[in-house]
Amino acid sequence: MAFSFFGGVHPKENKWYAEEKKVQTFPEPDVLIIPMNQHIGAPCKPLVKKGDSVTMGQKIGDNQGLCVPVHASVSGTVKAVEMRPHSSGMTVMSVVIQNDHLDTLCEDIKPRTQEEIDKLTDTELMNIIREAGIVGMGGATFPTHVKLSSGLGKVDTIIVNVSECEPYIVADDRLCQEYPAEMLKGLQIIMKIFNLNSAHIGIEDNKSAAVKALRREIDPQTGIQVDVLPAKYPQGAEKQLIQAITGRQVPSGGLPAAVGCAVFNAATCKAIYDAVYLGMPLIRRIVTVSGDIVMEPKNLMVPIGTTFNDLLEAVGHRENPYKVLSGGPMMGAAQFDLSVPVIKGSNAVTILGSKNRFRVNEPHCIRCGKCIDVCPMRLMPLMMYSAQRGGDLEELKKQNLLDCIECGCCAYTCPATIPLVQAFRAGKQQLRDAAAKK
Ligand code: SF4
Ligand code: SF4
């Protein structure tokens with residue numbers, strides 16, 4: 001049964017730019033930059049040094065605690081281990097690899113037969129998923145093995161997120177059309193770990209080809225069902241998707257497991273298939289490279305570590321970009337340095353032209369209340385904005401700023417074009433700094 005969620009908006013989808021474009025293998029770049037921070041948690045420590053030879057799929061970084069390893073996405077020689085710009089806006093420790101274009105595979109990588117897989121215990125499966133460096137590939141980048149282990153005994157409903165509600169992005173849509181069998185096999189591994197015999201795939205009604213491909217591939221015996229949801233942004237936000245599919249509401253500050261749910265991105269399921277069946281760690285992903293000034297929008301299978309510059313060159317653009325975003329126009333982060341690399345959570349690079357420059361110089365709130373009507377978290381964006389501007393941290397807490405999912409619905413609808421999300425990100429940082437001082 002499909003429910004709806006409160007608020008939300010209907011931005012122009014602009015999916016047509018790339019939705020018909022089949023996934024192409026990106027020609028491997030000569031140099032790749034593999035950041036040690038590609039997940040939520042402790043950054044990896046490099047396991048290689050300048051001058052070392054590496055093979056494709058070799059582990060090149062790892063750490064203790066909340067962490068997953070990173071791997072070389074090509075074979076070659078380590079050119080440097082140094083700080084490099086990252087799409088988060090920070091500079092992070094990275095391994096720079098000179099590609100030898102030989103694709104020499106790491107000798108640890110070995111496929112498994114179905115018989116071998118059937119004999120694996122849940123702990124062994126979760127360890128394979130950890131060792132393959134798998135994280136939430138919709139952008140959240142939370143380590144998947146931790147989501148699995150922490151949900152054991154609590155989760156009764158698995159949801160695969162194919163909402164992909166951000167304008168322009170079609171990477172998961174294409175993945176479900178072109179790799180439905182692999183995605184479903186990955187999902188069945190998750191079902192095995194949770195010991196559940198049913199699962200939902202949540203997908204918006206603007207992806208009819210993907211719905212058909214999945215339904216064609218699903219064996220009714222597996223208990224997997226496709227839930228087609230009316231397109232509305234931000235359907236793909238975890239809490240909104242859970243509400244849309246189950247009617248359950250994740251409490252303020254709570255995790256999906258609090259209401260018995262676990263949500264996995266479609267690309268994450270495919271990565272689990274690659275790890276368990278092929279023995280292949282997460283070293284490639286599909287990236288939609290699109291935008292209103294792009295000459296030839298594409299969906300590219302890209303080695304992790306490919307720079308945004310390489311991707312821009314591959315698609316071309318008609319004018320100087322006004323903005324290049326990691327992600328889509330609603331939640332994406334604007335990039336100031338295009339030498340940043342694709343990481344595990346990069347589902348899109350969106351390139352926008354000057355007609356998107358619409359901000360007024362000194363915006364003032366006109367108290368219209370539109371931001372309140374669209375906030376899917378039922379927050380009061382105008383109150384949060386005024387508290388953040390006034391540096392009133394107590395009021396920010398009272399207004400539950402930390403529940404803001406930074407979806408951008410408020411900013412999208414604000415007639416005064418106030419940069420609300422930037423203010424909320426800054427406010428969250430102020431709260432974190434204040435907590436750290438205490
Ligand atoms: S960005 Fe935050 S405050 Fe604005 S609509 Fe989304 S959840 Fe609400
Ligand atoms: S939508 Fe913009 S102008 Fe209207 S109340 Fe909210 S912040 Fe103010």
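Note that ligands are numbered from 1 as they come in the structure, with each ligand's atoms numbered from 1 the same way. What you see below is based on every heavy atom in this structure, not just the backbone, and it leaves out hydrogens, waters and symmetry mates. We number each residue from 1, following the sequence as shown. The shown structure was predicted, so the numbers you read here are calculated from the model rather than taken from an experiment.
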Steps toward side chain to side chain contact (heavy atoms under 4.5 Å, CB included) verdict (Ile134, His145): CA-CA 8 Å; Ile134 299 177; His145 71 286; over 6 Å; no
Check: Cys407 main-chain N/O paired with Tyr233 side-chain donor or acceptor under 3.5 Å: yes
Atom 6 (Fe) of ligand 2: nearest protein contact (heavy atom, Å): Cys371 SG, 2.4 Å
Closest approach of any protein heavy atom to atom 8 (Fe) of ligand 2, naming residue and atom: Cys365 SG, 2.4 Å
Neighbour count above 12 (heavy atom, 6.0 Å) for Met383 CE: no
Nearest-neighbour protein heavy atom for atom 4 (Fe) of ligand 2, which is reported as residue plus atom name and distance: Cys368 SG, 2.3 Å
Flag, side chain of Glu319 to backbone of Gly353, donor-acceptor distance under 3.5 Å: no
Reference residue Leu352; test side-chain contact (heavy atoms from CB on, under 4.5 Å); the match among Ile293, Leu325, Val294: Leu325
Nearby protein N/O/S atoms (those under 2.8 Å) for atom 2 (Fe) of ligand 1, with water ignored: Cys404 SG
Nearest-neighbour protein heavy atom for atom 5 (S) of ligand 2, which is reported as residue plus atom name and distance: Gly369 N, 3.2 Å
Short side-chain donor-acceptor distance under 3.5 Å, Asp172 and Asn265: yes
Atom indices of ligand 2, in the order listed, that fall short of 4.0 Å to a heavy atom of Ile366: 3 (S), 8 (Fe)
Carboxylate-amine/guanidinium contact Glu238 Lys147, below 4.0 Å: yes
Lys/Arg cation over aromatic Tyr179: Lys270, 6.0 Å, 45° cone: yes
Short N/O/S contact of Cys414 with atom 2 (Fe) of ligand 2 (below 2.8 Å): yes
Asp433-Gln429 side chain donor-acceptor pair, cut-off 3.5 Å: yes
